[in-house]
Amino acid sequence: MPELPEVQHAADSLGIQIAGARIATVERLDWPRMVETPAPEEFIVRLAGREIRGWGRRAKWILLELDGGWTLALHLRMSGSLTVHPADTEPDRHTHLVLRLTDGRQIFFHDTRKFGRARLLDAAGLAMLNDAHGDEPLSEAFTVERLAGLLRGRQRAIKPLLLDQSLIAGIGNIYADEALWCARIHPLHPAAELSTEAIADLHAGIRAVLRQALANGGSTLRDYRNSYGARGTNQDHFHAYDREGQPCPRCGTMIVKTVVAQRGTHYCPACQRR
DNA sequence: CATTACCTGCAA
DNA sequence: TTGCAGGTAATG
């Protein structure tokens, strides 16, 4: 579900509520597969008593910086959400991890589809997570030249390349389609064959769609909520994604939906031709 | 590169 | 009942 803008909002809305708080206990881990490292029993023991010192985001991971050099990394995958609740709120059946704070409040990791994941990482583990991911597309370092370098020599289609987290981190199916619409690029265009001008438009498009989504609190198709339980509104501003059969806002041609890289893919067949 | 798997719920 | 969903990893 969540891509960079949604994960950023999830992290910020959570972090602002809980920074400085301390985890008392880990409760209700009824789907232990969600804990990737360390073993669930050790995860529970090590988290107890940790202070939450800060927060951040890397790719689609939410990072809670803890004392003792530990980082709690949380990935929402398709349907996860993190919300903060008073002491007496009962979790529902899709809440698979609860962090009880020493002030009584609870953080719920709610995840209908159970794809979400948690890792408790030391400095080396955090470095590995970092190294596994590519450029942050909103960073200063992500220049047009950087993007051109990433595309150079790669014959694969541009859309699956945009989804490859090891190259560019944080873009998912929505914002890949939206960025390609912005840049008037066909999702199957070979990455290495994009013109200099098209690459510049793609760079601008990626940043514009992510910034707009951030400004709108992310996109909520179904499950996404920030940590206050609020939906985003960016789904009301899509140009191509989820708009099959509706007119392209630029040229009026019907948006079509196909499958590219095993993902539903929406584009304008008239003005996305390069 | 394509296919399958992981899960549940919802719309067609 | 089937197919599909914002993600990723593990297979041929």
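A, B, ... follow the sequence lines: proteins, then strands. Residue 1 opens every chain. Nothing here was measured: the structure is a model prediction, and the numbers come from that model.
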- line: Ranking A:Ala261 and A:Arg117 by the position along DNA chain B of their nearest nucleotide, the one closer to 5' is A:Ala261
message: Could you tell me if A:Gln8 and A:Arg57 have a donor-acceptor pair between their side chains, going purely by distance under 3.5 Å?
response: yes
query: To the nearest angstrom, how far is A:Arg33 atom CZ from C:dA10 atom C1'?
result: 12 Å
Tabulated below should be each protein N or O lying under 3.5 Å from an N or O of nucleotides 10-12 of chain B; please produce it.
none

message: With a 4.0 Å cut-off on N to O distance, would you call A:Arg156 and A:Asp164 a salt bridge?
response: yes
message: I need the NZ-P distance between A:Lys114 and B:dT8, as an integer number of Å.
response: 4 Å
field: Residue-phosphate contact under 4.0 Å: A:His75 side-chain N/O, C:dT8 OP1/OP2
entry: yes
query: Could A:Arg250 and A:Trp181 be counted as a cation-pi pair, given that NZ or CZ must be under 6.0 Å from the ring centre and within 45° of the axis?
result: yes
query: For A:Tyr267, what residues pass the ring-ring contact (aromatic ring centres under 6.0 Å, His included) criterion, not counting sequence neighbours?
result: A:His186
Salt bridge A:Asp177-A:Lys159, side-chain N to carboxylate O under 4.0 Å: yes
task: Go through the side-chain N and O atoms of A:Gln235 and A:Tyr224 and say whether any donor and acceptor fall under 3.5 Å apart.
output: no
Contact residues, residues 211-218 of chain A to DNA chain B [heavy atom, < 4.0 Å]: none
query: So what does A:Tyr241 hit on the nucleic acid, given a heavy-atom distance under 4.0 Å: a base, only sugar-phosphate, or nothing?
result: sugar-phosphate
- prompt: Would one find a side-chain N or O of A:Lys60 under 4.0 angstrom from OP1 or OP2 of C:dT8?
  reply: yes
- request: Take atom C1' in B:dG9 and the same atom in C:dA9, then report the distance between them in whole Å.
  value: 23 Å
task: In whole angstrom, give the distance that lies between atom CZ of A:Arg263 and atom C1' of B:dT3.
output: 14 Å
- line: Rounded to whole Å, the CZ-C1' distance (A:Arg77 to B:dA5) equals 12 Å
message: I want to check one thing: is the phosphate of B:dC7, taken as OP1 and OP2, less than 4.0 Å away from some side-chain N or O of A:Arg93?
response: no
Strand-adjacent residues in residues 159-172 of chain A, judged by heavy atoms under 4.0 Å from DNA chain B: none
query: Can you find a side-chain donor-acceptor pair between A:His110 and A:Asp92 that sits under 3.5 Å?
result: yes
field: Any donor-acceptor N or O pair under 3.5 Å, side chains A:Ser79, A:Thr112
entry: no
- prompt: Whole-Å distance between B:dA2 C1' and A:Arg156 CZ?
  reply: 13 Å
task: Using the aromatic ring of A:Phe115 (for Trp, its six-membered ring), decide whether it stacks on the base of B:dC6 within the limits of 5.5 Å and 30°.
output: yes
- prompt: Any side-chain donor paired with an acceptor under 3.5 Å for A:Asp122 and A:Trp70?
  reply: no
message: If we check side chain to side chain contact (heavy atoms under 4.5 Å, CB included) with A:Thr71, which of these qualifies: A:Leu126, A:Leu120, A:Leu66?
response: A:Leu126
- line: Separation of C:dA5 atom P from A:Glu6 atom CD, nearest Å, is 17 Å
- prompt: What nucleic acid atoms does A:Trp61 come within less than 4.0 Å of, heavy atoms only: base, sugar-phosphate, or nothing?
  reply: nothing
field: Spacing between A:Asp242 atom CG and C:dC4 atom P, to the nearest angstrom
entry: 14 Å
query: Can you find a side-chain donor-acceptor pair between A:Glu197 and A:Ser195 that sits under 3.5 Å?
result: no
- prompt: Side chain of A:Gln262: nearest nucleotide among B:dT8, B:dT3, B:dC6?
  reply: B:dT3
query: Are any of the side-chain nitrogens in A:Glu65 or A:Arg53 under 4.0 Å away from the carboxylate oxygens of its partner?
result: no
Report all side-chain donor-acceptor pairs from residues 200-215 of chain A shorter than 3.5 Å, counting only partners two or more places apart or in another chain.
unit_1: A:Asp201; atom_1: OD2; unit_2: A:Arg274; atom_2: NH2; d: 2.3
unit_1: A:His203; atom_1: NE2; unit_2: A:Phe142; atom_2: O; d: 2.7
unit_1: A:Arg207; atom_1: NH1; unit_2: A:Pro137; atom_2: O; d: 3.2
unit_1: A:Arg207; atom_1: NH1; unit_2: A:Ser139; atom_2: O; d: 3.1
unit_1: A:Arg207; atom_1: NH1; unit_2: A:Phe142; atom_2: O; d: 2.9
unit_1: A:Gln212; atom_1: NE2; unit_2: A:Asn234; atom_2: OD1; d: 2.7

- prompt: Does the side chain of A:Arg22 reach to within under 4.5 Å of the side chain of A:Asp67, using non-hydrogen atoms?
  reply: yes
- request: Please check if any side-chain donor atom of A:Gln106 sits under 3.5 Å from a side-chain acceptor atom of A:Glu27, or the reverse.
  value: no
- request: Could you tell me whether A:Arg77 and A:Asp111 make a salt bridge, using a distance below 4.0 angstrom between a side-chain N and a carboxylate O?
  value: no
query: Counting side-chain heavy atoms from C-beta on, which of B:dG9, C:dG6, C:dA9 comes nearest to A:Thr112?
result: B:dG9
- prompt: When you look for runs of 3 or more Watson-Crick or G-U pairs in a row, both distances below 3.5 Å, which of them include DNA chain C?
  reply: B:1-6 with C:7-12, B:8-12 with C:1-5
task: For the side chain of A:Tyr224, starting at C-beta, report the closest nucleotide among C:dG6, C:dC4, B:dC7.
output: C:dG6
Atom C1', compared across B:dT4 and C:dG3: separation rounded to whole Å: 16 Å
statement: Atom NE2 of A:His94 and atom C1' of B:dT8 are separated, to the nearest Å, by 7 Å
task: Using the P atoms only, state how far C:dC4 lies from B:dT3, rounded to an integer number of Å.
output: 13 Å
statement: Against the side chain of A:Met78, the closest entry in C:dC4, C:dG7, B:dG9 is C:dG7
